[in-house]
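Below is one structure, written out as structure tokens, with a few remarks after it.
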Amino acid sequence: MPELPEVETIRRHLADKVTERVIKEVDLLLPRLIKWPSPGEFQAILTGKRIKKLGRRGKYLLFYLEDDFVLVIHLRMTGRLYFIQAGAERDKYTRILFTFDNQDTLQYADTRTLGTLYLMKERELWRISGLQHMGPEPLTAEFTEAYFSDRLKKRQGKIKPLLLDQTLVSGLGNIYADESLALAGIHPEKSAAQLSERECKVLYAAVNQVIAEGIADGGTSFRDYRDGNGQRGEHQKHLRVYGRHNEPCCVCGTPISKIVVAGRGTHYCSRCQIK
DNA sequence: CGTGTTGCCTGGGTGC
DNA sequence: TGCACCCAGGCAACAC
């Protein structure tokens with residue numbers, strides 16, 4: 001599941017390869033992934049456009065193009081982006097294919113086809129509601145401890161689903177939400193409104209830390225991803241609880257529990273993380 | 001408006 | 001071996 005650290009890693013790996021390249025051809029092997037505008041317009045507008053810059057907001061990847069256009073890609077669950085040099089083999093699940101002027105390609109592959117692509121003028125980005133309502137990014141000046149504590153206090157319900165709410169803080173998915181709570185020593189089902197000031201503070205720091213660690217490790221979950229240098233994520237070696245059901249907690253040795261919270265598989269240590 | 005639930009989508013795993 | 005079923009989870013759409 002590509003979350004903020006994975007999308008940021010992909011952005012960094014692709015930036016050098018696609019910046020200043022001209023998109024010569026666009027193949028829509030699965031046109032329904034194009035959410036805006038129509039697939040035909042998407043193809044027509046993109047063809048011949050030069051990529052100027054790569055950006056990211058939350059889990060959205062933003063390709064800034066000539067003429068103020070932006071190509072927006074959300075990988076959702078199984079989306080992958082590969083830069084493939086001319087002649088190299090393509091992914092079995094390639095859905096959208098961008099070909100550059102010397103036959104190098106950028107391939108959007110997606111097993112479960114839940115990903116979404118958009119193309120619009122920069123000033124029209126508000127049309128994407130996920131972008132419009134997105135909360136502040138971890139590790140930025142906008143994401144302050146005061147803001148985080150204040151928002152948590154005003155919310156009903158369990159803390160875990162709130163960490164997944166992109167309007168509260170952007171970029172966390174199931175992995176980094178579980179990891180944040182583990183680092184903070186907070187039970188995923190603890191009521192957000194009942195978090196103490198100190199717990200809010202510790203959780204705030206934990207969110208920033210796990211995101212920073214994820215980025216530093218080049219991400220976790222895009223196991224199939226390779227950039228031109230063959231680099232891949234390392235963070236799965238450092239996960240505290242996610243995917244470690246029944247394995248010992250790295251702090252106290254208690255087997256990691258797995259439960260369902262708000263419909264999501266949730267991993268935690270029943271000894272270190274208390275309600 | 002906040003909160004909870006459902007559907008989208010496919011490969012891989014499980015139990016019979 | 002085949003088959004039905006379930007799970008993975010980000011987000012939009014929907015119900016209340």
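For clarity, every value in this text was computed on a predicted model and none was experimentally measured. Here is how names work: the chains are called A, B, and so on, in the same order as the sequence lines, proteins then strands, and each is numbered from 1. Atoms considered below: every heavy atom in the structure, side chains included; atoms not considered: hydrogens, waters and symmetry mates.
The nearest whole Å value for the distance from the CE atom in Met77(A) to the C1' atom in dG7(B) is 14 Å. Between Arg80(A) atom CZ and dC9(B) atom C1' the separation is 14 Å, expressed in whole Å. For the pair Leu168(A) CG and dC1(B) C1', the computed distance is 16 Å after rounding to whole Å. Distance CG (Leu33(A)) to P (dC8(B)): 16 Å, rounded to an integer number of Å. Per the geometry, CG belonging to Asp110(A) stands 12 Å off C1' belonging to dG10(C), to the nearest Å. Atom-to-atom, CZ of Arg151(A) to P of dC1(B) comes out at 14 Å; the value is rounded to the nearest Å. Between Lys153(A) atom NZ and dG2(B) atom P there is a gap of 18 Å when expressed in whole angstrom units. With rounding to whole Å, Asp165(A) atom CG is found 15 Å from dT5(B) atom C1'.
Judged by the 6.0 Å and 45° rule, Lys121(A) forms a cation-pi pair with Phe69(A). Cation-pi contact between Lys53(A) and Tyr64(A): present, with separation from the ring centre below 6.0 Å and deviation from the ring axis of at most 45°.
The pair Glu197(A)-Lys153(A) meets the salt-bridge criterion, with a side-chain N (NZ, NE, NH1 or NH2) lying under 4.0 Å from an Asp/Glu carboxylate O.
In this structure, Arg95(A) reaches neither bases nor backbone, as no heavy-atom distance under 4.0 Å exists between it and the strands shown. Looking at heavy-atom distances under 4.0 Å, Lys258(A) makes contact with sugar-phosphate atoms alone, never a base. Heavy atoms of Gly263(A) sit nowhere under 4.0 angstrom from any nucleic acid atom. Among the heavy atoms of the strands lying under 4.0 Å from Gly173(A) are primed sugar atoms or P, OP1, OP2 only; no base atom is included.
Under the side chain to side chain donor-acceptor pair (under 3.5 Å) criterion, Glu247(A) pairs with Arg244(A), sequence neighbours left out.
At the phosphate of dG10(C), neither OP1 nor OP2 sits under 4.0 Å from any side-chain N or O atom of Tyr176(A). For Arg112(A) and dC8(B), the shortest distance from a side-chain N or O to OP1 or OP2 is not below 4.0 Å.
Remark: the Asp178(A) side chain and the Tyr268(A) side chain contain no N/O donor-acceptor pair separated by less than 3.5 Å. Side-chain atoms of Ser129(A) and Gln132(A) form no donor-acceptor pair, as typed in the model, at a separation below 3.5 Å.
Mapping Arg155(A) and Leu114(A) onto DNA chain B via the closest heavy atom, the residue that lands nearer the 5' end is Arg155(A).
Between Tyr118(A) and Tyr60(A), the ring planes are tilted. Angles from 30° to 60° get that label.
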**OP:** Any chance you could list the contact pattern along nucleotides 11-16 of chain C? Use B for base contacts, S for sugar-phosphate-only contacts and - for none, protein heavy atoms under 4.0 Å, 5' to 3'.
**Re:** BS----
